[in-house]
Asker: 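Got a structure here, written out as structure tokens. Questions coming.
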Amino acid sequence: MGLRIIIFGPPGSGKGTRARLIGRLLKIPVITTGDMLRDEVSRGTEIGLKAKEYMDRGELVPDELVIGLVEERLRRPDCSGGFILDGFPRNLNQAEALDRILGEMGVKLDLVLNVVVDPEIVVERLSLRRWCPKCGAIYNLKYDPPKVDEICDECGARLIQRSDDREEVVRRRLRVYEEQTRPILQLYLERGLVREMRGDIPIEEIPREVEEVLGPYLKETGVKAPKSGI
Ligand code: AP5
């Protein structure tokens with residue numbers, strides 16, 4: 001049995017950075033709705049064409065587009081041993097849809113990792129983010145640069161800057177988070193699923209923080225972390 005985890009937090013808090021790390025450690029798939037939507041946009045699919053205008057404005061893409069994508073992904077066989085959801089759910093309707101989907105699959109969430117950070121920090125961070133459109137690796141020109149300028153360490157593709165990382169769009173994304181996403185944390189607090197992570201620690205300390213938060217949980221539940229060192 002693997003863990004079923006949500007990574008929760010505002011834009012730029014470091015959800016994606018942690019999700020990739022935990023996914024590698026626990027050998028479970030990472031489901032990043034932002035990456036899935038960006039992939040639809042770059043392939044020019046019907047979903048991508050509709051999603052793009054919302055993403056460019058920093059608003060949530062309509063639920064009917066996102067929920068179907070997530071449901072299809074969660075029902076694939078590789079999610080039977082656990083998964084990490086990064087960027088979903090983002091409003092009450094999505095949280096209810098997730099409960100329904102997991103109920104139908106006969107499984108439950110184990111953990112919600114809430115990354116807490118001061119919104120002012122993220123504006124600077126996101127202006128310096130670079131992202132690999134091929135493998136999804138995340139970099140920061142100041143805090144976590146690639147070894148070779150603008151080239152992905154992991155797959156060699158050319159890095160890009162996300163079009164929604166401009167300051168005015170980041171501020172809109174932060175407002176959307178406060179209004180629509182943060183309130184649903186209450187649901188998971190009531191279920192006793194939430195563990196906090198500090199989004200303001202130096203990036204090189206994130207692996208140790210992950211170990212501190214997940215280690216005791218893995219021991220308690222007997223979930224095995226294959227070759228992870230946790
Ligand atoms: P999405 O791609 O999910 O973006 P987000 O939630 O705004 O989060 P980010 O990816 O910007 O940040 P992150 O927390 O993952 O931080 P990261 O680790 O990259 O969504 C984009 C859009 O898609 C949405 O606006 C919406 O339109 C749409 N969408 C997606 N899901 C949806 C849904 N469910 N429903 C409807 N619409 C949806 O780190 C950020 C930067 O900081 C990086 O450069 C990193 O290197 C750096 N960094 C990380 N941690 C640290 C640290 N401790 N110190 C210094 N730098 C750090």
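In each ligand, atom 1 is the first atom listed, and ligand 1 is the first ligand listed. Throughout, residue positions are numbered sequentially from 1 according to the sequence presented.
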Asker: Quick one: does Arg18 get an N or O within less than 3.5 Å of an N or O on ligand 1?
Answerer: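 For ligand 1, there is no N or O atom that lies under 3.5 Å from one belonging to Arg18.
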
Asker: When you measure from atom 48 (N) of ligand 1 to every protein heavy atom, which one gives the shortest distance, and what is it?
Answerer: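 The closest one turns out to be Ile203 CD1, 3.7 Å.
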
Asker: Would you check whether Lys15 has a nitrogen or oxygen atom less than 3.5 angstrom from a nitrogen or oxygen atom of ligand 1?
Answerer: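 Yes; at least one N/O pair falls below 3.5 Å.
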
Asker: Any idea which atoms of ligand 1 are less than 4.0 Å away from a heavy-atom of Pro10?
Answerer: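 Taking each heavy atom of Pro10 in turn, ligand 1 has 14 (O) under 4.0 Å.
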
Asker: Could you say whether the N/O atoms of Tyr139 and ligand 1 ever approach to under 3.5 Å?
Answerer: yes

Asker: Identify, for atom 42 (O) of ligand 1, the protein heavy atom at the shortest distance, and state residue, atom and that distance.
Answerer: Arg125 CD, 3.3 Å

Asker: Taking both backbone and side-chain atoms of Tyr54, is any N or O found less than 3.5 Å from an N or O belonging to ligand 1?
Answerer: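 No, there is no polar N/O contact under 3.5 Å.
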
Asker: Could you name the option among Gly87, Pro202, Gly14, Gly16 that has the heavy atom nearest to atom 15 (O) of ligand 1?
Answerer: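 Result: the heavy atom closest to atom 15 (O) of ligand 1 is in Gly16.
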
Asker: Can Arg172 and Glu59 be said to form a salt bridge (charged side-chain N to carboxylate O under 4.0 Å, His left out), step by step?
Answerer: CA-CA 7 Å; Arg172 173 86 189 120; Glu59 287 169 16; 3.6 Å; yes

Asker: On the six-membered ring of Tyr177, is Arg173 placed so that its NZ or CZ lies under 6.0 angstrom from the centre and within 45° of the ring axis?
Answerer: no

Asker: Which atoms of ligand 1 sit under 4.0 Å from any heavy atom of Thr33?
Answerer: 30 (C), 31 (N), 32 (C), 34 (N)

Asker: For Glu150 and Tyr139, does a side-chain donor sit closer than 3.5 Å to a side-chain acceptor?
Answerer: no

Asker: Let's go through Arg191 and Asp99 carefully: what are the C-alpha distance in whole Å and the side-chain angles of both, what is the deciding distance for salt bridge (charged side-chain N to carboxylate O under 4.0 Å, His left out) to 0.1 Å, and is it a yes or a no?
Answerer: CA-CA 12 Å; Arg191 295 180 200 172; Asp99 284 345; 2.8 Å; yes

Asker: Any carboxylate oxygen within less than 4.0 angstrom of a Lys/Arg side-chain nitrogen, looking at Asp78 and Arg73?
Answerer: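 Yes, charged N to carboxylate O under 4.0 Å.
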
Asker: Looking only at heavy atoms, is any part of Val115 under 4.0 Å from ligand 1, and if so is it the side chain, the backbone, or both, or is it neither?
Answerer: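 It is neither; nothing of Val115 touches ligand 1.
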
Asker: Using a strict cut-off of 4.0 Å, indicate which atoms of ligand 1 neighbour a heavy atom of Leu126.
Answerer: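 Answer for ligand 1: 11 (O), 40 (C).
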
Asker: Distance check, rounded to the nearest 0.5 Å: Glu40 atom CD versus Asp35 atom CG?
Answerer: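 Reported to 0.5 Å precision, the distance equals 12.0 Å.
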
Asker: Is the shortest heavy-atom distance from the side chain of Met197 to the side chain of Val210 under 4.5 Å?
Answerer: yes

Asker: Between Gly14 and Arg125, which heavy-atom pair has the shortest distance, and what is it?
Answerer: N-NH1, 4.4 Å

Asker: Kindly confirm or rule out an N or O of Asp86 lying under 3.5 angstrom from an N or O of ligand 1.
Answerer: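 Between Asp86 and ligand 1 (N or O atoms, distance only) the closest approach is not under 3.5 Å.
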
Asker: Nearest heavy atom to atom 3 (O) of ligand 1 wins, so pick from Met197, Glu205, Arg90.
Answerer: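 The residue whose heavy atom sits nearest atom 3 (O) of ligand 1 is Arg90.
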
Asker: Indicate, with yes or no, if Phe88 and Leu193 share a hydrophobic cluster defined by side-chain heavy-atom contacts under 4.5 Å among Ile, Leu, Val, Met, Phe, Trp and Tyr.
Answerer: yes

Asker: Check whether any side-chain heavy atom of Asp164 sits under 4.5 Å from a side-chain heavy atom of Leu126, and report yes or no.
Answerer: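 Result no, sub-4.5 Å side-chain heavy-atom pair not found.
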
Asker: Does the pair Phe8 and Ile184 meet the rule for a side chain to side chain contact (heavy atoms under 4.5 Å, CB included), with working shown?
Answerer: CA-CA 10 Å; Phe8 201 89; Ile184 64 172; 3.7 Å; yes

Asker: I'd like to know whether ligand 1 has Pro62 as a neighbour, heavy-atom separation below 4.0 Å.
Answerer: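 Flag not set, Pro62 not near ligand 1.
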
Asker: So if I count the atoms of ligand 1 from 1 in the order they appear, which ones are less than 4.0 Å from some heavy atom of Ile138?
Answerer: 18 (O), 19 (O), 43 (C), 45 (C), 46 (O)

Asker: Please verify whether a non-hydrogen atom of Ser13 lies at under 4.0 Å from ligand 1.
Answerer: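 Per 4.0 Å heavy-atom rule, Ser13 contacts ligand 1.
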
Asker: At under 4.0 Å between heavy atoms, is it the side chain or the backbone of Val70 that contacts ligand 1, or both, or neither?
Answerer: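 It is neither part, as no heavy atom is under 4.0 Å.
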
Asker: Using a strict cut-off of less than 4.0 Å between a Lys/Arg side-chain nitrogen and an Asp/Glu carboxylate oxygen, indicate whether Arg208 and Glu205 qualify as a salt bridge.
Answerer: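 Result for this pair is yes, salt bridge flagged.
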
Asker: Closest non-hydrogen protein atom to atom 19 (O) of ligand 1, residue and atom name please, with distance?
Answerer: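 Going by distance alone, atom 19 (O) of ligand 1 is nearest to Arg129 NH1, 2.6 Å.
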
Asker: Just wondering, are more than 12 heavy atoms of other shown residues or ligands nearer than 6.0 Å to CD in Glu46?
Answerer: no

Asker: Compute the shortest N/O to N/O distance between Gly12 and ligand 1 and return yes if it is under 3.5 Å, no if not.
Answerer: yes

Asker: For ligand 1, which atoms sit closer than 4.0 Å to a heavy atom of Leu37?
Answerer: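 Every atom of ligand 1 under 4.0 Å from some heavy atom of Leu37: 28 (C), 29 (N), 30 (C), 38 (C).
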
Asker: Do any nitrogen or oxygen atoms of Gln94 come within less than 3.5 Å of a nitrogen or oxygen of ligand 1?
Answerer: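 Yes, at least one N or O pair falls under 3.5 Å.
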
Asker: For Ile151, which fellow cluster members are found when Ile, Leu, Val, Met, Phe, Trp and Tyr are connected by side-chain heavy-atom distances below 4.5 angstrom, either directly or through intermediates?
Answerer: Val148

Asker: Using a strict 4.0 Å cut-off to heavy atoms of Phe88, name the atoms of ligand 1 that fall inside it.
Answerer: 34 (N)

Asker: Applying a 4.0 Å heavy-atom criterion (strictly less than), which segment of Arg173 is in contact with ligand 1: side chain, backbone, both, or neither?
Answerer: side chain

Asker: Do Lys142 and Glu124 pass the salt bridge (charged side-chain N to carboxylate O under 4.0 Å, His left out) test, and can you show the C-alpha distance, the side-chain angles, and the key distance before you say yes or no?
Answerer: CA-CA 10 Å; Lys142 182 167 170 189; Glu124 189 222 14; 2.9 Å; yes

Asker: Return yes or no for this condition: an N or O of Thr17 is under 3.5 Å from an N or O of ligand 1.
Answerer: yes

Asker: Give the numbers and elements of all ligand 1 atoms closer than 4.0 Å to a heavy atom of Gly199.
Answerer: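 Checking each atom against Gly199, I get 53 (N).
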
Asker: Would you kindly specify which portion of Leu60 sits under 4.0 Å from ligand 1, judged on non-hydrogen atoms: side chain, backbone, both or neither?
Answerer: both

Asker: Could you establish whether Arg162 and ligand 1 come within less than 4.0 Å of each other, counting only heavy atoms on the residue side?
Answerer: yes

Asker: Side chain or backbone of Ala51 under 4.0 Å from ligand 1, or both, or neither, by non-hydrogen atoms?
Answerer: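 Neither part.
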
Asker: Assess whether side chain to side chain contact (heavy atoms under 4.5 Å, CB included) is satisfied between Ile84 and Ile31, documenting all intermediate values.
Answerer: CA-CA 6 Å; Ile84 304 173; Ile31 302 172; over 6 Å; no

Asker: For atom 37 (N) of ligand 1, tell me which residue out of Thr32, Val61, Ile201 has the closest non-hydrogen atom.
Answerer: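 Closest candidate by heavy-atom distance is Val61.
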
Asker: What is the nearest protein non-hydrogen atom to atom 23 (O) of ligand 1, stated with its residue, atom name and distance?
Answerer: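 Scanning the protein heavy atoms, the shortest distance from atom 23 (O) of ligand 1 goes to Met55 CE, 3.4 Å.
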
Asker: For Pro89, is the nearest heavy atom under 4.0 Å from an atom of ligand 1?
Answerer: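 No, Pro89 has no heavy atoms under 4.0 Å from ligand 1.
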
Asker: Does Arg57 have a non-hydrogen atom less than 4.0 Å from ligand 1?
Answerer: no

Asker: Would Tyr143 count as being in polar contact with ligand 1, using the rule that some N or O on each side must be under 3.5 angstrom apart?
Answerer: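 There is no such contact.
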
Asker: Nearest protein heavy atom to atom 26 (C) of ligand 1, by residue and atom, and its distance?
Answerer: Glu59 O, 3.5 Å

Asker: Count the heavy atoms of every other residue, nucleotide or ligand shown that sit under 6.0 Å from CZ of Arg158, and state whether that count exceeds 12.
Answerer: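 12 or below, so no.
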
Asker: Looking only at distance, does Asn140 have an N or O less than 3.5 Å from an N or O of ligand 1?
Answerer: yes

Asker: Should you measure from each heavy atom of Val66, which atoms of ligand 1 turn up under 4.0 Å away?
Answerer: 33 (C), 34 (N), 35 (N), 36 (C)

Asker: For Lys134, is there an ion pair with Glu154 - N to carboxylate O distance below 4.0 angstrom?
Answerer: no

Asker: Using salt bridge (Lys or Arg N to Asp or Glu O under 4.0 Å) as the criterion, list what pairs up with Arg100, not counting sequence neighbours.
Answerer: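 Only Glu71, Glu104 meet the salt bridge (Lys or Arg N to Asp or Glu O under 4.0 Å) criterion with Arg100.
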
Asker: Would Leu214 and Ile22 count as a side chain to side chain contact (heavy atoms under 4.5 Å, CB included) if you check the C-alpha gap in whole Å, the side-chain angles of each, and the deciding distance to 0.1 Å?
Answerer: CA-CA 9 Å; Leu214 281 186; Ile22 296 170; 3.8 Å; yes

